[in-house]
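Written below as structure tokens is the structure these notes are about.
Convention: sequence-line order gives letters A, B, ...; per-chain numbering from 1. When reading the values below, keep in mind they use all heavy atoms of this one structure, side chains included, and skip hydrogens, waters and symmetry mates.
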Amino acid sequence: MTAAIRQIGLLVAKDLRIESRSRQTLGLVIVLGLLIVTVLGLGLAAGKPAGFDATAVLWVAYLFAGVLCFEKTMAVERDEGALAGLMLAPMDRGIIYLSKLAANLLLMLAVAAVVTPVGVLFFGFDLSAAPGSFAIVMGSGIVGFAAVGTLFSALVSSTRLAGGLLAMMVFPIALPLVITSTLTLMGVFRDGRELAAGGVGVLVAFDVIFLTVSWLVFDWILEP
Amino acid sequence: MNATPSQVRAESTAGEPRAAVLAAVATRGLCKSIDTRSILRDIELTIAPGECVTILGANGAGKSTLIKLLATLTPPTTGSIEILGCCARRHPADARARLGLIAHQAMLYRDLSALENLIFFGRLYNVADPTARARQLLKVVGLLERANDPVKGFSRGMTQRVAIARALVHDPAVLLADEPFAGLDAASSAGLERLIAQLHQRGKTILLVNHDIAQSLRISTRTIILREGRIAQDRSSSELDATAALAEVNGL
């Protein structure tokens with residue numbers, strides 16, 4: 001267990017060091033997230049449709065920025081065949097998955113930290129009413145989304161269609177997370193109810209399923 | 001009771017049996033198919049510790065696939081692989097710890113320096129002092145002065161030298177090399193040939209895929225020729241000349 005944690009730390013530190021050098025991923029995904037929120041914010045400036053919810057718009061930004069993030073972090077491993085170097089190391093290949101997931105989550109956290117306040121401003125979303133509920137629900141949703149996104153990024157990274165194919169595969173699978181988290185947050189922010197344990201439970205259940213299945217099958221889908 | 005591959009008596013290149021040698025690499029009934037296409041068929045291979053073996057074959061003969069299988073980068077369809085007695089299917093991590101691989105691609109991070117790459121891989125392999133080991137290997141491959149330069153600024157030959165250092169960072173007993181000379185200029189190729197000879201002299205088991213037949217016969221003690229996924233010839237390199245080997249490779 002200690003060895004696994006050490007290995008995950010080593011791989012995540014490597015990813016962050018590469019990102020700090022190349023600055024290829026974080027800047028790009030933050031700009032994309034901001035653009036999506038801005039375009040939707042300006043487009044909806046004239047009037048919000050009935051039943052509009054800002055969390056759904058934030059999800060659009062998270063989804064597209066996330067897919068770009070997953071694609072970029074896996075592309076680093078494809079360059080010069082570095083992934084094969086990791087696959088040759090004497091460790092469980094699930095470690096590669098968990099470390100890539102951790103790196104993706106850190107990057108998505110950074111994206112959310114920048115994009116969310118902008119979305120709040122554009123859509124007049126009163127996050128101060130229940131910031132903890134927002135963090136729990138969105139955090140749970142993003143963990144599940146990153147779990148499947150990391151898995152499928154490894155699967156499609158060797159194909160020419162990488163980015164588009166990744167979105168086509170991940171978005172439908174992430175849909176239950178988006179719907180559940182949006183409905184749960186609508187209950188809190190629009191209807192003024194307490195955070196529904198049932199909604200959070202569903203999200204956590206999806207997270208557990210996505211994480212477990214992804215970790216188990218990662219070794220099988222990994223091709224150098 | 002059937003013997004496991006590693007218990008099979010490894011034979012020397014002269015064909016004389018060696019007594020109870022634990023094979024460095026042993027395969028039994030190794031097959032690999034992709035979709036319905038058979039890439040490798042029933043490969044039975046026993047390589048004794050310290051042997052330097054070249055695999056020759058025409059394009060598509062299955063050479064690179066065999067190296068990938070031995071390196072545990074892809075699973076066999078059927079059959080077994082043992083690396084120094086360690087079953088690659090049951091204990092893949094232990095088998096990998098005994099292997100080093102040089103391939104077409106450098107398997108390095110372009111944005112990291114040569115030193116950072118080697119330290120990173122050294123840590124992955126639990127090397128006791130990865131910094132000292134990385135510096136030692138960069139000295140061996142003649143790149144100590146460029147240790148802190150990012151790999152993306154290196155020429156193909158220099159990148160390949162760092163890749164060789166990466167493959168040796170954990171001092172593996174078995175070195176697999178898939179066309180390590182590809183894309184190298186004459187000087188770099190000669191340098192790599194000298195390095196392989198030194199590693200062989202130090203007792204490393206080396207299995208390499210190469211297209212230069214004359215060079216292969218010069219470097220290796222044993223030559224295996226693959227044809228259509230099967231072992232067509234397995235002979236001492238001294239018994240082959242380049243012309244005959246070329247004819248064998250092409251199935252003439």
Is a side-chain N or O of B:Arg96 found less than 3.5 angstrom from the main chain of A:Met91, in a donor-acceptor match? yes
Kindly compute the distance separating OG1 (B:Thr72) from CE (A:Met87), expressed to the nearest 0.5 Å.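 Between atom OG1 of B:Thr72 and atom CE of A:Met87 there are 7.5 Å.
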Say you draw a straight line from CG of B:Asn117 to NZ of A:Lys14; how long is it, rounded to the nearest 0.5 Å?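 Reported to 0.5 Å precision, the distance equals 10.0 Å.
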Are there more than 12 heavy atoms of other residues, nucleotides or ligands under 6.0 Å from atom [atom1] of [X]?
X: A:Phe64; atom1: CZ; answer: no
X: B:Lys204; atom1: NZ; answer: yes
X: B:Arg156; atom1: CZ; answer: yes
X: A:Arg17; atom1: CZ; answer: no
X: B:Gln215; atom1: CD; answer: yes

Tell me, out of A:Leu11, A:Ile18, A:Leu88, A:Asp79, who's got the most heavy-atom pairs with chain B below 4.5 Å. A:Leu88
Between [X] and chain A, with a heavy-atom cut-off of 4.5 Å, which part of the residue counts as in contact: side chain, backbone, both or neither?
X: B:Arg123; result: both
X: B:Phe121; result: side chain
X: B:Leu108; result: backbone

Just wondering, do [Y] and [X] contact through their side chains at under 4.5 Å, heavy atoms?
X: A:Arg21; Y: B:Arg110; answer: no
X: B:Met107; Y: A:Glu80; answer: no
X: B:Tyr109; Y: A:Glu77; answer: yes

Toward chain B, the part of A:Leu86 with a non-hydrogen atom under 4.5 Å: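 Both backbone and side chain.
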Closest-packed option against chain A by number of heavy-atom pairs under 4.5 Å, given B:Asn126, B:Val151, B:Thr159, B:Thr74: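 So the answer, after comparing B:Asn126, B:Val151, B:Thr159, B:Thr74, is B:Asn126.
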What heavy-atom pair brings B:Ala97 and A:Pro90 nearest, and what distance separates the two atoms?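 Nearest heavy atoms, B:Ala97 then A:Pro90: CB-CB, 3.9 Å.
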Search all heavy atoms of B:Leu73 against all heavy atoms of A:Ala84 and return the closest pair with its distance. CD2-O, 3.8 Å
